[in-house]
Visitor: 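My questions will all concern the structure given below.
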Amino acid sequence: RGTRGGGRGYALALAILALCALAGSAVAMEAGDGLEDASVSDGDFPSFASPIVADTDGDDDDLPPTSEDVPVWNFEQVVVTIGKASGKERRVETPAFFLRGDDPAAAATRFVYVNSLPISQVSQYAATFSHEWQTNVPDDLKPRGKTRPKRSKPLGPKQYLSRAKEHTSEARDDEAHFDLVRALTNSLEDPGSADAADRLDASELAEANTLLEQHHRKHSRALNAADKHRELKEKAHEREVNVFHARKATRANLALDESDFKALWDERYAGPNAEGETQSESAAAHELALHAAVEAKDWDRVIEVAASADRAGVSVPEQDVPLRKLAVARAHWHRNEWRLAERAANAAVASGARNGDWRRGQVRAVAVATGADASVKRGDAEGALKFFAAAKRADPDTPLFSEPYKAIKASEKLLKDADLKLDRGESRQAMESADEAVAKLRGLGGFDLPQSGVGSVTTNHGMFSGADARRCRAHAQARSFEHALEACDRSLKMLGCLDEKSLSSDNKLLTDLEKKVWEKACAAADPKHRARALLARSEVHSRDLHYDGALSDLRAAQELIEPSAQRGSSEAQRMLDEIRQKAVEAERERKSFDNNRDHGKMLDLPENLGELPKDRRCDFIKKAYKKAALKWHPDKAIEAGKTRAARKMNEMTEARDSVNLKFGCVEKKIDPNDPHQGHQGFGQQHQYQQYYQQHQQRQQHRNPGGGSRGGGQF
């Protein structure tokens with residue numbers, strides 16, 4: 001297909017195409033170099049730096065995830081209570097359930113423990129649960145019958161009682177109470193093998209009741225806590241199931257987008273040229289090469305040919321520009337180059353008409369879907385909303401993109417709810433809201449956990465970073481400081497703004513190229529997202545009484561957010577006011593803490609320690625310090641908490657030395673020639689102090705003045 005000049009032009013076009021194919025390596029090298037240089041200079045990444053690994057969920061994975069913590073059967077159980085003052089009876093419908101593998105006795109026992117009912121009523125509830133089990137629970141949900149050796153005997157009440165004693169002696173408390181209830185309710189493993197000799201006599205019944213009451217008094221609180229943890233895992237499983245179905249729907253929509261693009265391309269380029277259409281020989285050659293690359297799904301070649309046409313200044317018919325730019329966007333999308341896919345998709349939308357009805361099968365609709373999905377893959381919800389806004393403004397009634405638009409809006413609302421709950425001190429509810437927000441975006445194909453290495457660099461990962469900042473604050477309010485620091489580090493790593501050791505995949509220093517890639521990622525991140533992560537980490541440090549680290553993070557956050565506030569951003573101004581207020585509070589609390597530090601309380605020493613004889617006082621201090629040293633040794637901390645553990649260890653050593661001097665356990669020895677011999681025990685203190693100071697110096701050397709890595713680390 002070439003000009004209308006006939007066979008000569010057609011043959012010439014084929015010759016040029018063959019020449020391009022033979023010289024493909026040279027064109028590829030030239031085009032690849034041009035793209036790589038442009039991407040680095042514009043703040044993106046080289047072609048090998050694929051931002052995120054593509055979704056690995058297969059289309060044939062039709063089964064949702066399963067969990068042993070999710071009930072297989074739910075029903076309502078009536079609980080009767082009698083008021084102490086009024087004496088009136090009250091009947092309440094209470095949710096009850098069977099877990100996978102439960103029998104009526106186990107489910108009834110869990111019901112009594114969870115709802116804090118009298119343990120004496122367990123036999124009554126076991127009977128009602130048994131009726132529900134036999135009447136309503138489908139057989140396919142019941143556990144299979146156990147295969148036993150031919151000469152083995154099914155378990156009866158006496159065997160259950162004996163096994164319960166064995167569980168108790170071996171501290172298997174989560175199984176002992178189930179067998180005790182089975183024994184008390186005369187449960188039989190095989191109902192057809194009833195034997196009067198297996199029944200419990202009066203003394204055995206009394207023994208079983210005594211053991212069950214003892215177990216209830218001793219372990220009811222722990223078992224209730226375990227069931228609360230099971231409920232949390234059940235909610236997490238429900239979120240994963242919702243994510244599974246949402247991702248499945250997203251994959252189906254992406255497949256439709258791919259088929260729509262193929263249909264649009266074939267409709268335009270598979271047939272003969274329109275009557276009256278003329279092309280230059282160069283344009284015809286590039287068109288043939290581009291069409292061949294798209295048909296072969298050679299996306300590298302698509303990008304090379306498009307870049308070569310742009311450099312050569314090849315004229316393209318105006319009506320073909322959006323489709324060609326869409327082809328480049330699809331090529332970048334298939335190569336997982338999300339930032340470049342967004343730019344090409346935006347160019348495709350901008351080069352075509354926007355007014356009129358928006359429906360599936362249009363070039364602009366496929367371009368918006370491609371760009372929005374690339375934004376979601378980077379975790380940039382605001383970028384996806386901008387693509388959807390192009391369709392919503394032109395056609396507010398279009399059903400296209402309504403589901404992902406609602407999901408992103410819902411996730412933003414959930415994050416705002418998490419902030420309100422954190423302000424009220426509802427850390428667990430805030431954590432659930434943050435998890436729900438992340439699940440919404442993951443259902444659209446996003447990734448909340450960045451992969452390791454340079455190939456995983458992603459910029460503006462603001463929504464996932466914001467969710468981790470909320471998780472960080474929630475863990476801090478629950479005084480789980482190591483997990484809080486881990487969440488804060490993950491929030492900063494989403495933006496590429498963390499120290500080199502944390503950013504590398506194998507705890508080694510980064511190469512110069514890797515540093516350049518991460519620095520560009522951090523520089524491209526929204527300052528509000530970085531400031532929010534630093535603000536959350538400052539709260540962790542303040543609650544952990546590490547005010548120097550809190551002030552360092554607040555100063556870095558203030559430096560980041562001030563330019564946005566000066567440009568008139570109301571959100572940035574509110575954040576700046578909050579940062580300044582917290583900095584004043586942290587400075588005041590730091591001075592108070594330094595002036596009123598209680599070393600005895602730090603070591604958990606009794607207030608009347610001074611009343612004891614000297615030998616006992618010193619022995620008490622020695623044991624308290626040993627206990628603190630075992631608790632705070634850096635080798636026992638997780639990676640995110642090692643620096644905190646070293647700082648705490650240094651504080652414990654200082655506290656030990658101070659109380660030793662106070663109670664006369666050591667004498668103060670000063671050597672004017674050695675500043676490290678202020679008093680006994682300073683050598684070990686100096687070891688942790690040196691570790692802590694070296695880590696600080698490395699951090700300051702990498703980020704002088706609290707630069708692009710996000711400020712203080714500790």
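What you see is a predicted model; the values in this text were computed from it and never measured.
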Visitor: Counting distance only, does the side-chain N/O of Lys614 pair as donor-acceptor with the main-chain N or O of Gly664 below 3.5 Å?
Guide: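 Between the backbone of Gly664 and the side chain of Lys614 there is a qualifying donor-acceptor contact (under 3.5 Å).
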Visitor: If we ignore hydrogens and angles and just use 3.5 Å, is the side chain of Ser491 paired with the main-chain N or O of Ala487 as donor and acceptor?
Guide: no
Visitor: I need the full list of salt bridge (Lys or Arg N to Asp or Glu O under 4.0 Å) pairs touching residues 224-233, with sequence neighbours left out, sorted by first then second residue.
Guide: Asp69-Lys233, Asp227-Arg230, Arg230-Glu234
Visitor: Please enumerate all residues that pass side-chain hydrogen bond (donor to acceptor under 3.5 Å, both in side chains) together with Glu426, with sequence neighbours excluded.
Guide: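 For Glu426, the residues satisfying side-chain hydrogen bond (donor to acceptor under 3.5 Å, both in side chains) (neighbours in sequence not counted) are Arg424.
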Visitor: Determine which pairs satisfy salt bridge (Lys or Arg N to Asp or Glu O under 4.0 Å) with at least one residue from residues 560-583, sequence neighbours left out, and list them in order.
Guide: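 Of all non-adjacent pairs touching residues 560-583, those that pass salt bridge (Lys or Arg N to Asp or Glu O under 4.0 Å) are Arg532-Glu571, Glu562-Arg580.
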Visitor: Check side-chain hydrogen bond (donor to acceptor under 3.5 Å, both in side chains) between Arg597 and all other residues, then give those that pass, not counting sequence neighbours.
Guide: Asp594
Visitor: Using 0.5 Å steps for rounding, measure from the OG atom of Ser538 to the NE2 atom of His546.
Guide: 11.5 Å
Visitor: Answer whether the closest heavy-atom distance between the side chains of Pro606 and Phe620 falls below 4.5 Å.
Guide: yes
Visitor: Can you tell me if Asp598 uses its side chain to pair, donor with acceptor, with the backbone of Lys601 under 3.5 Å?
Guide: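 Yes: the side chain of Asp598 pairs with the backbone of Lys601.
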Visitor: Would you please test Ser375 and Phe387 for side-chain contact (heavy atoms from CB on, under 4.5 Å) and show each step?
Guide: CA-CA 9 Å; Ser375 297; Phe387 276 102; 3.8 Å; yes
Visitor: Counting distance only, does the side-chain N/O of Asp380 pair as donor-acceptor with the main-chain N or O of Val376 below 3.5 Å?
Guide: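 Not confirmed, Asp380 side chain does not pair with Val376 backbone.
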Visitor: Measure across Ala437 and Leu414 and return the closest heavy-atom pair with its distance rounded to 0.1 Å.
Guide: N-CD1, 3.6 Å
Visitor: Using ring-ring contact (aromatic ring centres under 6.0 Å, His included) as the criterion, list what pairs up with Phe388, not counting sequence neighbours.
Guide: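 In terms of ring-ring contact (aromatic ring centres under 6.0 Å, His included), with neighbours along the sequence ignored, Phe388 is linked to Phe401.
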Visitor: If you draw the axis of the six-membered ring of Phe663, does the NZ or CZ of Arg617 fall within 45° of it and under 6.0 Å from the ring centre?
Guide: no
Visitor: Tell me if a side-chain donor or acceptor on Ser411 pairs with a main-chain N or O of Ile408 at a distance below 3.5 Å.
Guide: yes
Visitor: Distance from Lys631 atom NZ to Lys636 atom NZ, nearest 0.5 Å?
Guide: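 Answer rounded to 0.5 Å: 11.5 Å.
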Visitor: Go through the steps for Glu482 and Glu486 under the test side-chain contact (heavy atoms from CB on, under 4.5 Å), then give the verdict.
Guide: CA-CA 6 Å; Glu482 288 190 351; Glu486 186 177 27; over 6 Å; no
Visitor: Could you check Asp544 against Lys648 for side-chain contact (heavy atoms from CB on, under 4.5 Å), going step by step and ending with a plain yes or no?
Guide: CA-CA 10 Å; Asp544 197 26; Lys648 289 286 187 180; 3.3 Å; yes
Visitor: Does Glu382, at its CD atom, have more than 12 non-hydrogen atoms belonging to other residues, nucleotides or ligands within less than 6.0 Å?
Guide: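 For Glu382, atom CD is not crowded (no more than 12 foreign heavy atoms under 6.0 Å).
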Visitor: Who passes ring-ring contact (aromatic ring centres under 6.0 Å, His included) against His483, sequence neighbours left out?
Guide: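 ring-ring contact (aromatic ring centres under 6.0 Å, His included) list for His483, sorted by chain: His475.
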Visitor: Would you call Arg537 and Asp489 a salt bridge, using N to O less than 4.0 angstrom?
Guide: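 A salt bridge is present here (some side-chain N lies under 4.0 Å from a carboxylate O).
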Visitor: Restricting to side chain to side chain contact (heavy atoms under 4.5 Å, CB included), what partner residues turn up for Ala565, sequence neighbours left out?
Guide: Ala572, Gln573, Leu576
Visitor: May I ask you to test the Met652-Leu603 pair for a side-chain heavy-atom distance under 4.5 Å?
Guide: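 Yes, at least one pair of side-chain atoms sits under 4.5 Å.
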Visitor: How far does NZ of Lys623 sit from CZ of Arg616, to the nearest 0.5 angstrom?
Guide: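 Nearest 0.5 Å value for the NZ-CZ distance: 9.0 Å.
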Visitor: Checking Glu587 against Arg590 for the salt bridge (Lys or Arg N to Asp or Glu O under 4.0 Å) test, could you report, in this order, the C-alpha distance in whole Å, the side-chain angles of both residues, the deciding distance, and whether it holds?
Guide: CA-CA 5 Å; Glu587 183 64 33; Arg590 182 183 67 84; 2.5 Å; yes
Visitor: I need the Gln477 CD to Asp423 CG distance, nearest 0.5 Å.
Guide: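 Going from the CD atom of Gln477 to the CG atom of Asp423 covers 8.0 Å.
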Visitor: Pick one: which of Arg339, Glu337, Arg343 meets side chain to side chain donor-acceptor pair (under 3.5 Å) with His332?
Guide: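 Exactly one option meets the side chain to side chain donor-acceptor pair (under 3.5 Å) with His332, and it is Glu337.
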Visitor: Quick one: salt bridge (charged side-chain N to carboxylate O under 4.0 Å, His left out) partners of Glu342, sequence neighbours excluded?
Guide: Arg378
Visitor: Does a side-chain heavy-atom distance below 4.5 Å link Leu485 with His541?
Guide: yes
Visitor: Rounded to the nearest 0.5 Å, what separation is found between the CZ atom of Arg442 and the OG1 atom of Thr250?
Guide: 12.0 Å
Visitor: With sequence neighbours excluded, tell me which residues meet side chain to side chain contact (heavy atoms under 4.5 Å, CB included) with Asn596.
Guide: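 Expected list: Ser592.
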Visitor: Is the shortest side-chain heavy-atom distance between Asp419 and Arg473 below 4.5 Å?
Guide: yes
Visitor: Below 4.5 Å, heavy atoms only, C-beta onward: do Trp632 and Arg644 meet side chain to side chain?
Guide: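 Yes. Closest side-chain heavy atoms under 4.5 Å.
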Visitor: When you look at Glu412 and Leu385, which way does the side-chain contact (heavy atoms from CB on, under 4.5 Å) test go after all the steps?
Guide: CA-CA 11 Å; Glu412 290 182 345; Leu385 289 177; 3.4 Å; yes
Visitor: Is there a side-chain contact between Ile621 and Cys665 in this structure, where contact means two heavy atoms from C-beta onward sitting under 4.5 Å apart?
Guide: yes
Visitor: Using the salt bridge (Lys or Arg N to Asp or Glu O under 4.0 Å) rule, take Asp417 and Lys413 through it: C-alpha gap first, then chi angles, then the decisive distance, then the call.
Guide: CA-CA 6 Å; Asp417 291 343; Lys413 185 176 183 299; 3.5 Å; yes
Visitor: Quick one: are Arg471 and Val438 in side-chain contact, heavy atoms under 4.5 Å?
Guide: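 Counting from C-beta outward, Arg471 and Val438 do come under 4.5 Å.
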Visitor: State which residues pass side chain to side chain contact (heavy atoms under 4.5 Å, CB included) with Ala476; sequence neighbours excluded, sorted by chain then number.
Guide: Ala484, Val540, Arg543
Visitor: In Å, rounded to the nearest 0.5 Å, how long is the span from OG of Ser465 to CG of Leu495?
Guide: 3.5 Å
Visitor: Please check: side-chain N/O of Arg530 versus main-chain N/O of Asp526, any donor-acceptor pairing under 3.5 Å?
Guide: no
Visitor: Kindly write out the residues that satisfy side-chain hydrogen bond (donor to acceptor under 3.5 Å, both in side chains) with Gln566, not counting sequence neighbours, or none if the list is empty.
Guide: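 Counting only residues at least two positions away or on another chain, Gln566 forms no side-chain hydrogen bond (donor to acceptor under 3.5 Å, both in side chains).
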Visitor: For Asp604, enumerate each residue passing the salt bridge (charged side-chain N to carboxylate O under 4.0 Å, His left out) test, keeping only those at least two apart in sequence or located in another chain.
Guide: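 By the salt bridge (charged side-chain N to carboxylate O under 4.0 Å, His left out) rule, Asp604 matches no residue at all.
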Visitor: Any side-chain heavy-atom pair from Met575 and Ile579 closer than 4.5 angstrom?
Guide: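 Met575 reaches Ile579 side chain to side chain.
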